[in-house]
Q: 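Before anything else, here's the structure in question.
Because the structure is predicted, anything quoted here is derived from the model rather than measured.
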Amino acid sequence: MNTAVVGMIAGMALGFAGYFGGFGAFLLVAALGAVGFVVGRFLDGDLEPGDFFRPRDERRR
């Protein structure tokens, strides 16, 4: 499944949540989707836990 299809599915889920559940449900679905995305990147090995806690100056070296 390519990125465009995943984005379309995420957009449809947010649209349904916003329509049927209101703005609060929209925000909840968006936040849980972001958490799921980050966890998925960790599990795939694309992110390291230190990437969020490392100072910016260290990345430039």
Q: Examine L43 and V35 and state if one hydrophobic cluster contains both, with Ile, Leu, Val, Met, Phe, Trp and Tyr joined whenever side-chain heavy atoms are less than 4.5 Å apart.
A: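 Yes, because L43 and V35 connect within a single hydrophobic cluster, where side-chain heavy atoms sit under 4.5 Å apart.
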Q: So which atom in A17 and which in V29 form the shortest heavy-atom distance, rounded to 0.1 Å?
A: CB-CG2, 3.5 Å
Q: Please determine whether residues F16 and Y19 belong to a single hydrophobic cluster, defined as Ile, Leu, Val, Met, Phe, Trp and Tyr linked transitively by side-chain heavy-atom distances below 4.5 Å.
A: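 Per the 4.5 Å side-chain linkage, F16 and Y19 are co-clustered.
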Q: Would you compute the distance between atom CD1 of I9 and atom CG of L14 and round it to the nearest 0.5 angstrom?
A: 12.0 Å
Q: Around atom CZ of F42, are there more than 12 heavy atoms of other residues, nucleotides or ligands at under 6.0 Å?
A: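 Check passes, neighbour count above 12.
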